[in-house]
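Working notes for the structure below.
It should be emphasised that the depicted structure is a prediction, and the values quoted were computed from it without experimental measurement. These values consider heavy atoms only, across backbone and side chains, with no hydrogens, waters or symmetry-generated copies.
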Amino acid sequence: MFKLISILLRGRAHDAEQAFADRHAVPLLSQQIRDAAQSIQSARRSVAVAIAQNEQEKGQHATIVARIADLEIRASAALTKGNEGLAREAAEAIAYLEAERDASEKAQSQFTSAIDKLKGIVRASEARLQELQRGERLARATQEAQKLDVVVAGPGLATLDDAEETLARLRLRQSQNELTAAALKDMEGAIRPAGIIEKLANAGFGAPLRSSADDVLARLKSRITPAA
């Protein structure tokens, strides 16, 4: 029984951990990317240190080779003059320097191999980091878009529906007001005596209320004819 309870508790703890990670996935990803960037920066420094050490080793190697060459010339000169004892000391020094030279060359080979390997790791890591950074930007944009979808699909969408319904009611009411005003105007014109007289005159019953263009033209002609 205790074993089952322990398994259940661990399962719930795992689910809670996963749920927490899912809720905070974007900030978690950002921090992981920052940690990775710092590690890559440390790797770059390691490469720079290795290159500097290798350059230093090359300088020491060049110094050793120059000393070997110088000692060989001097030892040969000592042998030529019959000073074999001094020549032997020179030979011992040359043997020691040759061992140093060989060790230096081995160290340079190891440095070169390590530097090439580190450079490859850094290049690959930088490419992965850039891909992660692009993914982070996309994840943030997607998260913001999803938040907007939730806002629009939730209360925001309901607000849009309410606003459209209010606008439709407003337009209907304004249209009704315009029709009512026009009807009232017609009714007032029909009820007022002046309005009835105007309708009768316009229909040709009785004297016209306003002069027509023909009437005005005839009046003007009558004024001109006597003068002529």
Side-chain angles (χ1 to χ4, degrees), residues 6 9-147:
S6 177
L9 290 175
R10 284 189 283 115
R12 288 183 175 178
H14 176 74
D15 291 342
E17 182 181 354
Q18 288 298 113
F20 180 83
D22 291 341
R23 285 195 303 271
H24 301 85
V26 173
L28 179 63
L29 174 62
S30 299
Q31 185 57 47
Q32 289 171 335
I33 288 175
R34 284 192 291 270
D35 292 342
Q38 291 177 356
S39 297
I40 291 173
Q41 186 62 31
S42 297
R44 289 196 193 101
R45 285 195 294 268
S46 297
V47 172
V49 169
I51 291 173
Q53 290 176 341
N54 193 35
E55 290 301 317
Q56 185 179 14
E57 191 65 39
K58 287 180 179 179
Q60 293 176 352
H61 178 269
T63 300
I64 292 171
V65 170
R67 286 181 179 176
I68 290 172
D70 182 59
L71 281 170
E72 286 180 344
I73 293 172
R74 295 179 188 277
S76 297
L79 286 172
T80 302
K81 292 183 178 181
N83 194 339
E84 188 172 344
L86 192 56
R88 176 174 290 277
E89 290 181 14
E92 290 175 354
I94 290 171
Y96 173 79
L97 289 174
E98 286 179 344
E100 289 291 315
R101 180 198 60 194
D102 295 342
S104 178
E105 291 174 353
K106 184 177 180 181
Q108 289 181 60
S109 177
Q110 291 174 345
F111 271 126
T112 301
S113 177
I115 289 169
D116 290 342
K117 184 177 180 180
L118 283 172
K119 283 183 177 179
I121 292 173
V122 170
R123 283 194 296 268
S125 299
E126 287 174 341
R128 292 172 64 187
L129 178 63
Q130 290 174 356
E131 184 64 27
L132 283 170
Q133 289 171 336
R134 285 192 292 269
E136 180 198 8
R137 291 194 295 270
L138 178 59
R140 285 189 179 278
T142 301
Q143 186 181 57
E144 294 302 320
Q146 289 175 347
K147 286 180 181 178

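Few gaps surround CD on Q41; more than 12 heavy atoms of other groups in view lie less than 6.0 Å from it. The environment of CZ in R44 is crowded: more than 12 heavy-atom neighbours from other residues, nucleotides or ligands sit within 6.0 Å.
Among all heavy-atom pairs drawn from A75 and A87, the shortest one is O-CB, 3.8 Å. Between L86 and N83, the shortest heavy-atom distance links the atoms N-OD1, 3.2 Å. For the residue pair L129 and A36, the shortest heavy atom distance occurs at CD1-CB, 4.4 Å. For the pair L97 and I64, the tightest heavy-atom approach, listed with the atom from each and the gap, is O-CG2, 3.3 Å. Nearest heavy-atom pair, I33 versus L132, reported as atom, atom and distance to 0.1 Å: CD1-O, 3.5 Å.
Residues R45 and S42 have side chains that bring a donor and an acceptor to within less than 3.5 angstrom of each other.
A distance of 10.5 Å separates CZ in R101 from CD1 in I94, rounded to the nearest 0.5 Å. Rounding to the nearest 0.5 angstrom, the gap separating the CD atom in Q53 from the CD atom in Q60 is 10.5 Å. Here the CG-CD1 distance, from N54 to I51, works out to 8.5 Å after rounding to the nearest 0.5 Å. Atom CG of D35 and atom CD1 of I40 lie 11.0 Å apart (nearest 0.5 Å). Between T63 atom OG1 and K58 atom NZ the span is 14.0 Å, to the nearest 0.5 Å. In this structure, the separation between CZ on R34 and CD on Q133 is 11.0 Å, given to the nearest 0.5 Å.
Judged by distance alone, the side chain of S76 and the main-chain N or O of E72 form a donor-acceptor pair under 3.5 Å.
For S30, the side chain to side chain donor-acceptor pair (under 3.5 Å) test picks out E136, R140, with sequence neighbours left out.
No salt bridge links R123 with E126; every basic N to acidic carboxylate O contact stays at or beyond 4.0 Å. At a threshold of 4.0 Å, the pair E131-R134 counts as salt-bridged, since one of the basic side-chain nitrogens sits closer than that to a carboxylate oxygen.
Shown are K106, Q108, E100; of these, the side-chain contact (heavy atoms from CB on, under 4.5 Å) with S104 is made only by Q108.
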